[in-house]
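See below for the structure under consideration.
No hydrogens, no waters, no symmetry mates; every other heavy atom, side chains included, goes into these values.
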Amino acid sequence: MRVVANPRGCIGAGQCVITAPNVFDQDEDGIVVVIEERPGDADLADVRDALDLCPSQSLALTN
């Protein structure tokens with residue numbers, strides 16, 4: 001699984017960073033940055049939670 005973020009849609013709420021800090025970070029403007037595109041099994045549940053919590057739906061998982 002690969003994590004994809006749409007920084008143009010991100011509103012900087014930070015839910016992804018709070019929920020999956022091993023996978024997401026924010027730049028100086030608060031916009032999402034994916035720091036681990038292919039998270040391990042231990043982080044996938046947190047990534048899925050982050051996708052659900054993202055208010056702008058700017059995150060996705062692809063194969």
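- Within the structure, salt bridge (charged side-chain N to carboxylate O under 4.0 Å, His left out) pairs that include any residue of residues 30-40 comprise Arg2-Glu37 (at least two apart or interchain).
- Within the 4.5 Å cutoff, the side chain of Phe24 has heavy atoms near those of the Val3 side chain.
- The hydrophobic cluster containing Val33, built from Ile/Leu/Val/Met/Phe/Trp/Tyr side-chain heavy atoms closer than 4.5 Å, also comprises Ile35.
- The hydrophobic cluster containing Ile11, built from Ile/Leu/Val/Met/Phe/Trp/Tyr side-chain heavy atoms closer than 4.5 Å, comprises no other residue.
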Return all side-chain donor-acceptor pairs below 3.5 angstrom for residues 56-63, not counting sequence neighbours, or 'none' if the list is empty.
| residue | atom | partner | partner atom | Å |
| --- | --- | --- | --- | --- |
| Ser56 | OG | Gly9 | O | 3.2 |
| Ser56 | OG | Ser58 | OG | 2.7 |
| Gln57 | NE2 | Cys54 | O | 2.7 |
| Ser58 | OG | Gly9 | O | 3.2 |
| Ser58 | OG | Cys10 | N | 3.2 |

Report, one line per pair, each donor and acceptor closer than 3.5 Å where one atom sits in a side chain of residues 41-53; sequence neighbours left out.
| residue | atom | partner | partner atom | Å |
| --- | --- | --- | --- | --- |
| Asp43 | OD1 | Asn22 | ND2 | 3.2 |

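- The backbone N or O of Ile31 sits nowhere less than 3.5 Å from a side-chain atom of Asp29 that would complete a donor-acceptor pair.
- Listed here is the closest heavy atom pair of Pro39 and Met1: CD-O, 4.0 Å.
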